[in-house]
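I have placed the structure first, in the form of structure tokens, so that the comments after it can refer back to it.
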Amino acid sequence: MTIAKQGQQTTSGATQDRYDPGEIEPKWQQRWAEAGIYRVEDSVPGKENWFALTMFPYPSGDVHIGHWFAYAPADAHARFKRMQGFNVLHPQGFDAFGLPAENAAIARNVDPREWTLSNVANMRRQFNRMGNSYDWSRNLVTCTPEYYHWNQYFFLKFLEAGLTYRASGTANWCPTDQTTIANEQVKDGACERCGTPVIRREMPQWFFRITKYADELLEMDDIQWPEKIKLMQRNWIGRSTGVTLGFDVDEFAPGEKIETFTTRIDTVFGVTFVVLAPEHPLVEKLTQPGQREAVESYVNNARSASEIERTSTEREKTGVPTGAYAVNPLNSERVPVLVGDYVLATYGTGAVMGVPAHDERDFVFAKKYGLPIRVVVAPPGWDGSELDEAYIAPGTQVNSGEFDGLPSAEGMEHIADKIEANGWGHRTVTYHLRDWLISRQRYWGTPIPIIYCDNCGTVPVPEKDLPVLLPDEANFKPTGQSPLTMDPAFLNTTCPTCGGDATRETDTMDTFVDSSWYHLRFTSPGESEQPFSPERVKKWVPVHQYMGGAEHAVMHLLYSRFYNKALRDLGFVKFDEPYTRLFNQGLLIKDHKKISKRSNPLNPEPVIERYGADTLRCYLMFLGPWDQGGDWSDSGINGISRWLNRVWDLSQRDASHLSKAQPDESAMKALTRAAHSTTGRVVGELAEFKFNTAIAALMEYTNELNRLWDNGGISSAEWQDAVERLMLLAAPMAPHITEELWERTGHSSSIHLESLPGWDDSLAAAETLTIVVQVNGKVRDTLDLPADVSEDDAITAAMDSEKVQRHLEGGTLIKKIYVPGRLVNLVMRPG
RNA sequence: GCCGAAGUGGCGGAAUGGCAGACGCGACGGUCUCAAAAACCGUUGGGCAUUAACGCCCGUGUGGGUUCGAAUCCCACCUUCGGCACCA
């Protein structure tokens, strides 16, 4: 359906052309682009800078409704800040490296670069159709050498500083994507991208030493982020304090110790066994000849199990004895050493002291293998009987030698002191966070700038040779090896140190490397001698307002904070955090269900076709609070469409006759009140991202203006002011229609370069207040009283009310409560 | 299992200690029309009661509590969603 083009009768009797977004929206998009009204200077006298950043998209092909939901409200907020008088930088770019391009290349035999760049061009067009106020002159696309050059540069700077390193170990391998992935990219034991269960694989990989900043990353007092995200990051970093304690195994492996980590050193006298992770380096040495076969088969089994199986809490706790024994230094007891796959090689020391009485897992394990269970922290009122389950809570030390009788919290400290005094171990802090694995065995990413030489070893590519270009052509059929290995022209090179034959590193970088610093690049587009200009960065960063989804809580948002701290320590930036404020929008659904191309589609194209971009923008903002997501219904959008049509009609009425009529004082006051109170409400709500209630306030205002027009008695000047406010306040949400109306009502410059109207609270205040009168908390009457009514007068008026008196009969009045401007509550005792 | 958020009309939601349901959708009735759509006007939480009017009772997941007064604060539980999860 197209919108009718015929003239429309308005209540004022004037005929005007109909609101036709299909005509005005492309017109203004073009005019804005030509005039460059959103191009931003680094500084404008008298204006404060405001960096409004949205998480940049992956160029997947088309701008879908999820993009609209993320970017249109973000743009409205940026526009709001601009109209508040800030010099606003609102850029957009493309996170253009990554697997989909490569997979499309494999599936459809297209070039990943062409595929990506054509998607970029297409999405840029579609973003313009949204009417966003992007400064495209600062656009960046991460798959270009101008950008990834600096990924390589930072990689080398980090390497010099010891923040980049290569290590061999068990990595998470996604069998579908044919690459290793970082811990943060494993969700429920499966690849975050494709959902395939990950397996473990031993291979040398490059890491960024994010764990160096674990403690600093826990400090988040100075950033205004949702508590939820801070909590997720805290949990992910997972700091826990405890004690590393060595168990002597001299008898079986001379000179070796089993280092165990525990947060419950108060239970150390209850150790009845020690368990090693299957991957633990001492397993081989400690395994006794009679046990060799059983242990080897157990370890091989554990290795081949998937990460999901390995880490399932449902999994039965199994283990095999190594035949060796370890000595607990606290009581010199000899306890068996077992291998069990419920112990993770990657956490703590990869070995645990088994205290079945006070750890659920150890308890189950001990029961299964008939190992002794000794209570050393007595539950309150414990009678010495056997436990039915592990006792985890604090208690009193028993069977703990000199520590008997102490509360376990104290025991913990005293035992730790003794261990440290005797050199048996030391207090330790461990983290769940592990270093960021950045190597990817894929083609479409930033080449890692490293050369391997038989003579000189691992040699960084000299800075002057950067960027190491990603070759145009590659055979990227996934083979489990990096595609670049198949490209001899890329692979074979000469050593920059000795000039001899050498080969290049063929892995590429995780794409989260690209997004860790892109906000800095937006300040310095086109910079070719350095990644960004420190002077320009200083003007814009830390980002004032970052907006995006919560799914990046422990990926991008954590990596980016790490990058900032690393860059600060290398002298590139002066601040501690990249993003001062963060707002997370929720998830858009439709008819209570997840939107899905197949089963529950919601394509923006027909919606724009039928209603226009402004209506779509406003509807998405009207659905509900942005941070709680929204539930789309096809019929609901009609309400917004009707409202914008009313705004269209209202704003263009010929008000010239108004001045001829006799103005009515109360009508004029009502008009002023509506104008000023709406301005205050809308400005307050937009500041807090409450677009839904801001639009509701504007709808109420529109309805009120219609009533006041019909009732008459208002002056032409007052009306013009009231209508101008409507246009200005709606402009951030509905940029096209307001721009068109602004021009039609005689303005020659863009509404988007105007300031928001001011307001006066005293003009916004009502002259009379509606006071609720309650008897025993139940509403019995409402009274219209002067705004400055005294407490005594309000109570007297309340008591005089006939409706109230009816409820006062037959009881004793014991209390009178007055809440100024709100209510009177008369408290009665019956009888 | 642990941590977090949320439960309000037929629907999206508003109200964060003071008139529950703003604003909008939908529905119903009306105006206009040959008719329909659009547009506009009116009604719309449930129940009781009435010719009509004045009214009354119930109601924000469940149960308790604090308070003159609770959707809002506290305790317990239920449900849904999100995150983490053999973390020693």
Side-chain angles (χ1 to χ4, degrees), chain A residues 1 3-4 6 8-11 187-189 226-229 231-232 234-236 238-240 242 260-264 267 275 310-317 340-344 346-355 358-362 364-365 430-432 550-551 553-554 586-587 589 591-592 619 622-625 627-640 642-643 645-646 649 690 692-700 702-703 706 770-782 802-803 806 814-819 821-828:
Chain A
M1 195 203 90
I3 285 164
Q6 308 99 315
Q8 179 206 5
Q9 289 296 113
T10 68
T11 53
K187 300 271 178 240
D188 297 326
E227 277 309 314
K228 184 187 151 190
I229 303 290
L231 193 68
M232 280 168 74
R234 264 184 222 115
N235 290 341
W236 185 259
R239 182 182 202 270
S240 59
T260 61
F261 173 75
T262 180
T263 55
R264 288 295 304 277
T267 66
V275 189
R310 271 294 294 275
T311 57
S312 163
T313 45
E314 311 295 300
R315 187 176 169 87
E316 203 187 351
K317 297 188 179 28
D341 69 1
Y342 77 95
V343 176
L344 304 177
T346 44
Y347 183 76
T349 57
V352 298
M353 55 182 221
V355 187
H358 305 293
D359 182 278
E360 282 171 33
R361 293 150 306 179
D362 295 347
V364 174
F365 191 79
T430 53
Y431 302 87
H432 169 248
E551 68 274 15
V554 293
L587 195 70
I589 57 172
D591 302 327
H592 319 291
Y619 184 50
F622 184 63
L623 284 173
D627 56 351
Q628 282 168 41
D631 189 0
W632 175 286
S633 89
D634 283 332
S635 57
I637 197 168
N638 289 325
I640 294 291
R642 285 175 199 145
W643 171 58
N645 271 293
R646 280 200 294 275
D649 160 52
K690 291 183 187 162
N692 57 329
T693 48
I695 291 174
L698 288 171
M699 286 174 167
E700 279 182 62
T702 309
N703 296 342
N706 259 323
T770 303
I771 304 285
V772 171
V773 185
Q774 298 180 334
V775 178
N776 286 346
K778 286 189 195 298
V779 179
R780 298 301 178 186
D781 199 3
T782 57
E802 200 191 314
K803 292 177 192 172
R806 210 177 307 149
I814 53 170
K815 203 168 178 184
K816 299 175 215 167
I817 289 158
Y818 176 63
V819 181
R822 286 193 174 270
L823 63 60
V824 173
N825 189 10
L826 303 171
V827 185
M828 298 280 298

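Just the heavy atoms: all of them, side chains too, but no hydrogens, waters or symmetry mates, feed the values below. In what follows, every chain begins at residue 1, and chains take the letters A, B, ... in the order their sequences are listed.
A side-chain donor-acceptor contact under 3.5 Å links A:Trp632 and A:Asp634. Neither side chain, A:Tyr619 nor A:Asn638, offers a donor N or O lying under 3.5 Å from an acceptor on the other.
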How would you summarise protein contacts on nucleotides 82-88 of chain B per nucleotide, using B for base, S for sugar-phosphate only and - for none, with heavy-atom distances below 4.0 Å? -SSBBBB
Which parts of nucleotides 20-32 of chain B does protein reach within less than 4.0 Å, heavy atoms only, written one letter per nucleotide 5' to 3' as B for base, S for sugar-phosphate only and - for none? S-BBSSS------
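Although no hydrogens or angles enter the test, the distance criterion places no donor-acceptor pair under 3.5 Å between the side chain of A:Asp781 and the main chain of A:Lys803. At distances below 3.5 Å, at least one donor-acceptor pair connects side-chain atoms of A:His432 with backbone N or O atoms of A:Trp236.
Across all strands shown, B:rG29 forms a Watson-Crick or G-U wobble pair with B:rC41, both key distances being under 3.5 Å. The pairing partner recorded for B:rA35 is none, the criterion being a Watson-Crick or G-U wobble arrangement whose two distances lie under 3.5 angstrom. Across all strands shown, B:rA70 forms no Watson-Crick or G-U wobble pair with both key distances under 3.5 Å. Pairing partner, B:rU79: B:rA6, with both Watson-Crick or wobble hydrogen-bond distances short of 3.5 Å. The partner of B:rC84 is B:rG1, by the rule that a Watson-Crick or G-U pair needs both atom distances under 3.5 Å.
Computed from coordinates, the A:Leu587 CG to B:rA6 P distance equals 17 Å when rounded to whole Å. Atom pair A:Asn776:CG and B:rU67:P shows a separation of 15 Å (rounding to whole Å applied). Separating the CG atom of A:Leu623 from the P atom of B:rA14 is a distance of 11 Å, rounded to the nearest angstrom. Following rounding to the nearest Å, A:Lys803 (NZ) and B:rA53 (C1') show an atom-to-atom distance of 12 Å. At whole-Å resolution of the value, NE2 in A:His592 and P in B:rC81 are 14 Å apart. Atom C1' of nucleotide B:rG13 and atom OH of A:Tyr619 are separated by 11 Å, given to the nearest angstrom.
Residue contacts for A:Arg780: at a heavy-atom cut-off of 4.0 Å it reaches the sugar-phosphate backbone alone, with no base atom in range. A:Asp631 comes within contact range of the sugar-phosphate backbone alone, with a heavy-atom separation under 4.0 Å but no base atom that close. Across all strands, A:Leu823 comes closer than 4.0 Å to base atoms (heavy-atom distances).
Legend: residues meeting ring-ring contact (aromatic ring centres under 6.0 Å, His included) with A:Tyr431, ordered by chain and number and at least two apart, are absent.
For the pair A:Arg264/A:Val355, no side-chain contact is recorded, criterion being any heavy-atom separation below 4.5 Å from C-beta on.
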Run the side-chain contact (heavy atoms from CB on, under 4.5 Å) test on A:Phe622 and A:Thr693 for me, step by step, so that the C-alpha distance in whole Å, both residues' side-chain angles and the decisive distance to 0.1 Å come before the verdict. CA-CA 7 Å; A:Phe622 184 63; A:Thr693 48; over 6 Å; no
Pair A:Val275-A:Val352, side-chain contact (heavy atoms from CB on, under 4.5 Å): steps then yes or no: CA-CA 5 Å; A:Val275 189; A:Val352 298; 4.1 Å; yes
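Here the closest heavy-atom approach between residue A:Thr349 and residue A:Thr260 is recorded as OG1-CA, 3.4 Å.
Base orientation of B:rG45: anti, the glycosidic angle falling outside 90° of 0.
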